[in-house]
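First the structure, in the form of structure tokens, and then the observations on it.
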Amino acid sequence: MGGQVAVHLVHLTNIILTFHHAYANVISVINKTNMSEQPIITSVPSQEELMARYQPAQEENGITTYFAGAEYYANAIDVFEQKLTARIGDNEPMHRSIRSILHTGIDAETGQELRTDEVARNVGDEIEARKRLAYIAANHPETYTVLRDNGTVGFHGTRSSALAGILMTGELRSAKAMHEDTDSGAFMLSGEHVFQAAEGQGSISFSGLSDLVTPKYFAAADLNQTKNTETVIAELHREADKLIRDAEARDLQGQNLGGVYKALHKQYERAIGAVEAHPDGLEATLLKNNFPVLIGLSGDFVEAAEAAPDPNVPHTRTISGQSEQAEFRPLASRIPIKNLIFAVPADRVDGMRRLLDMFHYDNSIVAIDALGPDNVDLAA
């Protein structure tokens, strides 16, 4: 995800879940299912952990949900549903839609699976993803329709400067793929560089719908500004110089980050060259109009990448990423633009539409605010 990687602990909402089936059922699912077809499960709790965390249900009619073939009691779904439906008032069709999303992960109108479990790491992530979709459906139904119709399962956070490379190459590229590109002139001023090899991360990080905090953090979602050419060039030079100083300092300290900073410095050199040569060009325009961008990915692409992994990504199934984040990385170093949607500040939506039209792309665009707040529980 865009921006310098920092330790960022994402607040995990407490969900009251009661485990209904035995531990053996989960193990049975894992043993019987081909791992390439499995939703991501980062860990299966031990019998002792289950006894401590998931006490047997007291009510046989408790709210149940399913994840990876196992049944869970999830009464927090019921609590969230009551709060959300109370807010929207007397709207029975919307109530049915919200109930279907929360209880089954299925869209009531089309009958299609919303596939929130495609990239969920555990049942908690799955429930939180459904809650976000239900919140969006209740408050921004047009945005919900876009997510549903595009099969969006997660977001990558970056800045407008990344759009030039995406539009020029027709794909979202990993840091490694961008470093290896010496012909297009596209550059990456943020992304998965720090704590990775000097050539950058080979896959692309996304957050599942249970976590909007992380992609917004890396996109610096509150920073929406317009600058002039002189300011942009001065900032690029200042950051490029800092990267060289940091690289030298890390090398002297015996750390492995010197090469990382030098590799990122090359990206800044590309950017400086592009802006100085064409101050009114695409790259310069997107640096002067500096705004956050969240990039949504379709579940169809994730599934296709599982079936035919990119040989440039040395993994056998979708990577689960950081333990404190709902992060996943599809098995691809490049994602064609047709598999993406874009979320930008509301005042940038029209400009983003014109920009995509210039390149003959018809991707959906939504406002970032329409994706809901960081914590939907507090807003419901």
Side-chain angles (χ1 to χ4, degrees), residues 1 8-17 63 65 74-105 107-108 114 116 119-148 150 152-157 206-224 291-294 296 324-327 341-349 364-380:
M1 294 165 218
H8 183 69
L9 297 177
V10 179
H11 173 70
L12 299 178
T13 304
N14 290 327
I15 305 172
I16 303 172
L17 298 174
I63 304 300
T65 190
N75 291 328
I77 287 178
D78 189 39
V79 173
F80 186 81
E81 179 187 2
Q82 291 178 35
K83 291 170 62 179
L84 198 55
T85 53
R87 273 195 62 188
I88 63 176
D90 186 18
N91 186 336
E92 189 56 36
M94 180 60 72
H95 290 188
R96 287 196 299 271
S97 177
I98 289 171
R99 170 169 285 264
S100 183
I101 293 169
L102 289 172
H103 288 254
T104 67
D107 178 71
L114 297 170
T116 45
V119 296
R121 300 157 63 84
N122 50 53
V123 68
D125 282 348
E126 159 70 350
I127 289 174
E128 289 303 305
R130 292 188 198 173
K131 285 162 69 175
R132 178 164 298 281
L133 283 172
Y135 179 90
I136 296 171
N139 292 278
H140 303 280
E142 292 183 358
T143 297
Y144 167 76
T145 300
V146 169
L147 299 181
R148 179 198 68 191
N150 285 276
T152 303
V153 294
F155 284 92
H156 169 92
F206 290 83
S207 284
L209 295 177
S210 62
D211 172 26
L212 198 64
V213 173
T214 304
K216 285 173 65 176
Y217 169 77
F218 284 107
D222 294 330
L223 182 61
N224 181 6
F291 57 89
V293 180
L294 302 187
E324 73 273 12
Q325 302 164 1
E327 182 184 357
I341 70 166
F342 296 93
V344 298
D347 64 343
R348 301 286 187 173
V349 170
S364 297
I365 307 167
V366 300
I368 289 177
D369 285 349
L371 299 175
D374 293 349
N375 188 331
V376 293
D377 280 298
L378 298 178

Exercise: identify the closest heavy-atom pair between [X] and [Y]:
X      : Y      : result
Ala138 : Ile88  : CB-CG2, 3.8 Å
Ala108 : Arg96  : CB-O, 4.2 Å
Asp377 : Lys83  : O-NZ, 2.9 Å
Val146 : Asn150 : O-ND2, 2.8 Å
Pro292 : Ala219 : CB-O, 3.3 Å

In the structure I gave you, are the side-chain heavy atoms of [X] and [Y] within less than 4.5 Å of one another anywhere?
X      : Y      : answer
Glu327 : Thr214 : no
Phe155 : Leu371 : yes
Lys131 : Leu84  : no
Phe291 : Asp347 : no
Val349 : Val344 : yes

Going by the side chain to side chain contact (heavy atoms under 4.5 Å, CB included) test, name the single residue among Leu147, Ile365, Thr143 that passes it with Ile341.
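Of the listed residues Leu147, Ile365, Thr143, the side chain to side chain contact (heavy atoms under 4.5 Å, CB included) partner of Ile341 is Leu147.
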Which residue is it: Val376, Ile98, Thr152, Thr116? I am looking for the one with a side chain to side chain contact (heavy atoms under 4.5 Å, CB included) to Leu133.
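Among the candidates, only Thr116 passes.
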At what distance, to the nearest 0.5 angstrom, does CD1 of Ile101 lie from CD of Glu81?
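The CD atom of Glu81 is 10.5 Å from CD1 of Ile101, to the nearest 0.5 Å.
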Quick one: OG on Ser207 to CZ on Phe218, what's the gap to the nearest 0.5 Å?
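Spacing of OG (Ser207) from CZ (Phe218) equals 8.0 Å.
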If you measure from the Lys or Arg side-chain nitrogens to the Asp or Glu carboxylate oxygens, is any gap between Arg130 and Glu126 under 4.0 Å?
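Glu126 and Arg130: salt-bridged.
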Evaluate the criterion side chain to side chain contact (heavy atoms under 4.5 Å, CB included) for residue pair Phe206 and Val119; output intermediate values, then yes/no.
CA-CA 10 Å; Phe206 290 83; Val119 296; over 6 Å; no
Pairs meeting criterion salt bridge (Lys or Arg N to Asp or Glu O under 4.0 Å) with involvement of residues 364-375, two or more places apart:
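Of all non-adjacent pairs touching residues 364-375, those that pass salt bridge (Lys or Arg N to Asp or Glu O under 4.0 Å) are Lys216-Asp374.
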Would you find a donor on one side and an acceptor on the other, under 3.5 Å apart, between the side chain of [X] and the backbone of [Y]?
X      : Y      : result
His95  : Gly89  : yes
Arg132 : Pro373 : yes
Thr104 : Ser100 : yes

The criterion is side chain to side chain donor-acceptor pair (under 3.5 Å); which residues satisfy it with Tyr135, sequence neighbours excluded?
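Not a single residue meets the side chain to side chain donor-acceptor pair (under 3.5 Å) criterion with Tyr135.
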